[in-house]
Amino acid sequence: MTNAAFRVGVVMFPGMTQLDMTGPLEVLSAVPGWTVDLIGETLSPVRCARGFAFMPTVDFSHAPQYDLLVVPGGPGVDEAMLNRSLVAFVRDQAAHAAYVFGICTGSLLLAATGCLTGRRASCHWQAVEFLTHFGVVPSRQRMTIDGRFFTSGGVTAGIDMALKVVGEIVGVEAAQGIQLLLEYDPEPPYRAGTPDVAPAAVVERLTLASAQRKNNRLKAVLAASQAIGEVGTQPGGYPFF
């Protein structure tokens with residue numbers, strides 16, 4: 001596909017994880033000819049989970065239809081899934097976008113619109129099982145592509161998938177150039193990036209620390225999945241997923 005006049009819209013909501021947004025944003029905004037909007041419900045600053053505020057460049061009522069819709073995740077997803085205007089905006093955009101990209105628990109927000117029903121999707125490892133409540137097939141892969149839908153695992157996986165998105169839409173060479181520009185060649189100091197390889201004690205500690213947030217998320221997921229049926233459409237410290 002040509003990259004001429006290609007419009008990217010990144011949805012923002014209170015309590016999002018900033019790297020879910022800014023990591024992929026750094027990749028996608030580097031594609032020549034692509035324009036990127038930060039979309040807020042209003043033009044007021046949007047505060048992320050760590051307290052930093054980001055300014056939208058456009059609000060829901062003035063946003064054009066995007067070629068690529070990007071949906072980050074974060075602890076604020078629990079409230080976002082139950083925000084009717086936000087869900088309606090994401091649903092309408094996703095229905096007409098050429099491509100849709102969900103990062104981390106942004107997959108839950110996409111699922112709450114019904115657009116992922118029957119599809120495979122990745123999500124943060126502590127939330128991926130919740131996708132089943134929306135009729136979505138959970139994928140434990142870091143990156144999952146199902147048709148025009150790209151979804152990634154937790155937080156940093158969004159950078160990987162952003163490069164994959166560019167490779168699929170514009171071409172591998174363009175994606176490789178951006179990767180080199182960013183010098184993205186991760187060599188983490190510890191082998192602890194997934195529950196499969198992290199020390200058992202670390203996994204247990206994180207799971208316990210996140211237990212209350214996970215319970216709260218389940219309540220939000222159940223309410224959001226019920227809301228889909230009603231309209232007839234298909235935790236502190238550690239737990240910032």
Side-chain angles (χ1 to χ4, degrees), residues 8-17 20-21 23-25 28 37-41 60 63 65-155 157-158 160-162 164-165 168 217-218 220-234 241:
V8 180
V10 183
V11 177
M12 300 199 300
F13 54 85
M16 65 185 177
T17 295
D20 282 6
M21 178 187 72
L25 179 64
L28 301 175
D37 282 339
L38 300 180
I39 316 163
E41 188 168 1
F60 288 176
Q65 175 60 54
Y66 293 100
D67 301 292
L68 170 62
L69 181 71
V70 182
V71 181
V77 158
D78 296 1
E79 290 74 30
M81 287 187 292
L82 301 175
N83 180 328
R84 291 190 176 185
S85 63
L86 174 58
V87 170
F89 177 81
V90 173
R91 182 185 62 235
D92 293 345
Q93 282 283 336
H96 299 98
Y99 305 94
V100 180
F101 176 14
I103 302 118
C104 191
T105 52
S107 296
L108 292 178
L109 179 52
L110 284 172
T113 73
C115 71
L116 291 180
T117 301
R119 296 184 179 274
R120 296 176 66 250
S122 295
C123 193
H124 191 283
W125 67 273
Q126 287 189 304
V128 65
E129 76 247 37
F130 293 143
L131 290 170
T132 60
H133 291 283
F134 300 103
V136 182
V137 181
S139 169
R140 300 281 176 172
Q141 300 299 310
R142 186 169 175 83
M143 298 185 290
T144 300
I145 302 176
D146 190 329
R148 62 192 180 93
F149 291 89
F150 297 77
T151 53
S152 66
V155 193
D160 294 17
M161 186 55 104
K164 184 69 172 175
V165 167
E168 292 289 318
R217 173 154 290 157
L218 176 59
V221 164
L222 293 175
S225 61
Q226 182 179 357
I228 290 180
E230 289 173 352
V231 298
T233 64
Q234 294 285 353
F241 55 87

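A quick note: this is a predicted structure, and the numbers were derived from the prediction, not measured.
Taken from NE2 in H124 to OG in S107, the straight-line distance is 11.5 Å, to the nearest 0.5 Å. T151 contributes atom OG1, which lies 7.0 Å from atom CG of L116 (distance to the nearest 0.5 angstrom). Atoms CZ and CG, on F134 and L109 in that order, are 9.0 Å from each other to the nearest 0.5 Å. R217 contributes atom CZ, which lies 4.0 Å from atom CG of D78 (distance to the nearest 0.5 angstrom). Atom CD of Q226 sits about 13.0 Å away from atom NE2 of H133, to the nearest 0.5 Å.
At least one side-chain heavy atom of F60 sits less than 4.5 Å from a side-chain heavy atom of L86. Using a 4.5 Å cut-off on side-chain heavy atoms (C-beta onward), F101 and R148 make no contact. In this structure, the side chains of I39 and M12 stay at 4.5 Å or more apart for every pair of heavy atoms. At a threshold of 4.5 Å between non-hydrogen side-chain atoms, the residues R119 and V137 do not count as touching. Counting heavy atoms from C-beta on, the side chains of I103 and M161 never come closer than 4.5 Å. At a threshold of 4.5 Å between non-hydrogen side-chain atoms, the residues F13 and E41 do not count as touching. Within the 4.5 Å cutoff, no side-chain heavy atoms of F130 are placed close to those of S225. Between P72 and T17 there is no side-chain heavy-atom pair separated by less than 4.5 Å.
Of the N and O atoms on the side chains of D92 and Q65, not one donor lies less than 3.5 Å from an acceptor on the other residue.
Between the side chain of D20 and the main chain of G73, a donor-acceptor pair closer than 3.5 Å is present. Checking side-chain atoms of R142 against main-chain N and O of G158 turns up no donor-acceptor pair under 3.5 Å. Between the side chain of S152 and the main chain of M143, no donor-acceptor pair closer than 3.5 Å is present.
Ring geometry for Y99 against F150 counts as tilted: the plane angle lies between 30° and 60°, on a 0 to 90° scale.
Taking each heavy atom of R120 and D146 in turn, the nearest pair found is N-OD2, 2.9 Å. The two residues L131 and S122 have their closest heavy-atom pair at CD1-O, 4.3 Å. Annotation for A63 and Q93: closest pair O-NE2, 4.5 Å, computed over non-hydrogen atoms. For V165 against L68, the heavy-atom pair with the smallest separation is CG1-CD2, 3.9 Å. The heavy-atom pair separating A121 from V128 by the smallest distance is O-CG2, 4.4 Å. Contact record, L110 with V90: CD2-CG1, 3.8 Å, taken as the closest heavy-atom pair.
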Task: Intermediate values then yes/no, side-chain contact (heavy atoms from CB on, under 4.5 Å), E79 and N83 - done: CA-CA 6 Å; E79 290 74 30; N83 180 328; over 6 Å; no

TODO: Please step through side-chain contact (heavy atoms from CB on, under 4.5 Å) for the pair V136 and T132, ending with a clear verdict.
DONE: CA-CA 5 Å; V136 182; T132 60; over 6 Å; no

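Among V10, V11, V100, D37, the one residue that satisfies the side-chain contact (heavy atoms from CB on, under 4.5 Å) test with Y66 is D37.
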